[in-house]
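Remarks on the structure that follows.
Throughout, numbering of the chain's residues begins at 1 and tracks the sequence. Indexing begins at 1, ligand by ligand and atom by atom, following the structure's order. The structure displayed is predicted, hence computed values, not measured ones.
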Amino acid sequence: MPSELTAHAALDLLIAGDLTSVDLTRSVLARIDASEAQINAYISLDPERALLLAADVDRRRQSGEVLGPLAGIPLAIQDVLCVRGGRTTCGSAILSDYVAPYDATAVARVLKADAVLLGKTNMDEFAMGSSTENSHFGPTRNPVDPTRVPGGSSGGSAAAVAAGEATLALGSDTGGSVRQPASYCGVVGLKPTYGRVSRYGLIAYASSLDQVGPLTRDVEDAALLLGVVAGHDPRDATSVDCPVPDYRAKLHDGVEGLKVGLAREFFAEGLDPEIRTAIETAAEQMRLAGAELVDVSLPVAGHPEYCVACYYVIAMAEASANLSRYDGVKFGHRTAAADGLQQMYHRSRSEGFGAEVKRRIMLGTYVLSAGYYDAYYRKAQQARTLIRQDFDNAFSQCDLLLSPVSPTTAFRLGEQVDDPLTMYLNDIYTVSVNLAGIPGISVPVTTAADGLPIGAQLLARPFEEEVLLRGARVLEQSS
Ligand code: GLN
């Protein structure tokens, strides 16, 4: 079925004239029709627009026009990215009627590449969560096992790609939100280096950590989509002006001669034994493919008491500042009944935000307050420097790091919603990567005895996505 094709395989057929974008899009829309009642991967869908875009690409292809690199490929966008003229909710009641006046740069780039936009995918409210259960629009379910969560916050994007409800998807990763859902749903998820992809039009959660990244069916598609969205953007002062290589050019070069590091801290207590075995097997496969395995240490970045605490202090502090803009004045929900300005602010925010977002705004405000700033926020910034140094040190001894993505496979819906600390501990292997700004990818390597997917995480030096993708390709081929 066309809805199950990778983007690069579909492109080959489209270019050869053996498939039309309209047929491909119809096939994906049919899957959406069949699955959405159960999966709930989307918040908004625009099938008419998708079919019009597809027909336009087919017509232009017929006429011999040179088309963009994603021409005719159905693509879903996490509802954290602004799409002009469409509803952009960020999974929140406070933005449930918000219509974006402009396209995010990542969105403008996929459109320019002639992708076919399907709609906006479900997510944890303001990208805060690891299960997509914190969405105002109801939870998304994991297509592999609908009693399980798809991971989060980009759970809708991961589930859509896994279920054939999109060929490609974009998500956002602040502490693991692309990599962890990819691992739970059995797809590929890439978090680029901080600064590699523009954040313009990405609704901010924690601005020093947020990155946009691809969720795809294979590593080649991740290389393809990254190549489209990466690159300097004058509208994002943190986007970096360095050339974007053709990520597919060296994709099949293998790992011969590369050093792959295994950090002992990443294999400590709390890791599901099946996942440990899967990662050890993946390491052995990289060795067989010609890589040299080396033991490294990440004493701060790999230590949950430091890295998870550091991440949540910084992410919540930044979130409390970023979310102060939702006050009912210029956009977003405004309470129907308020007596004066103070009450209007108070009620609009109380009504508009969900419980997890409120918890984080309060904690973030607390760690930034005069009496506690030094004890929490400044300490976390100091720990962040040590985390970065840990990775610098490790990457002086190896080219790639291999680790688990998450300590467990996809958990059951409802299992952790009332236990925020356990929920936060899902992020032990992913958050340090955002704190250090380095790129990371999650690749499915095997399935557990109960059939749930297990992903492996590879990490690389800043802006070495090319090496990362080469390593990921080896993992994919040997799995
Ligand atoms: N689970 C993490 C959090 O809740 C990461 C979320 C993300 O990357 N957006 O902050």
Is the centre of the Phe331 ring less than 6.0 Å from the centre of the Tyr98 ring? yes
Quick check on the 6.0 Å ring-centre criterion: do Tyr200 and Tyr102 meet it? yes
Give a yes/no verdict on whether any heavy atom in Arg360 is under 4.0 Å from an atom of ligand 1. yes
Check contact between Gly129 and ligand 1, using heavy atoms of the residue and a distance below 4.0 angstrom. yes
Tell me which part of Ser153 gets within contact of ligand 1: side chain, backbone, both or neither, using heavy atoms under 4.0 Å. side chain
At a non-hydrogen distance cut-off of under 4.0 Å, which region of Lys191 contacts ligand 1 (side chain, backbone, both, or neither)? neither
In terms of side-chain geometry, is the basic nitrogen of [X] or [Y] positioned less than 4.0 Å from the acidic oxygen of its partner?
X: Arg470; Y: Glu466; result: no
X: Asp46; Y: Lys120; result: no
X: Asp374; Y: Arg378; result: yes

Considering non-hydrogen atoms of the protein only, which is the closest contact for [atom], and what is the distance?
atom: atom 5 (C) of ligand 1; result: Tyr311 OH, 3.4 Å
atom: atom 7 (C) of ligand 1; result: Ser177 OG, 2.4 Å
atom: atom 2 (C) of ligand 1; result: Asp427 OD2, 3.2 Å

Can you sort out which atoms of ligand 1 are near Ala127, meaning under 4.0 Å from one of its heavy atoms? 6 (C), 7 (C), 9 (N)
Under 4.0 Å from one or more heavy atoms of Met128, ligand 1 contributes atoms 4 (O)
Are any of the N/O atoms on Gly175, whether in the backbone or the side chain, positioned under 3.5 angstrom from an N/O atom of ligand 1? yes
Looking at ligand 1, does any of its N/O atoms fall within less than 3.5 Å of an N/O of Ser172? no
Give a yes or no on whether His346 atom NE2 has more than 12 heavy-atom contacts from other residues, nucleotides or ligands under 6.0 Å away. no
Do other residues, nucleotides or ligands put more than 12 heavy atoms under 6.0 Å from the CZ atom of Arg84? no
Flag the pair Arg148 / Arg141 as yes when at least one side-chain heavy-atom distance between them is below 4.5 Å, and no otherwise. no
Should one rank Phe126, Tyr424, Tyr205, Tyr312 by closest heavy-atom distance to atom 10 (O) of ligand 1, which comes out on top? Tyr205
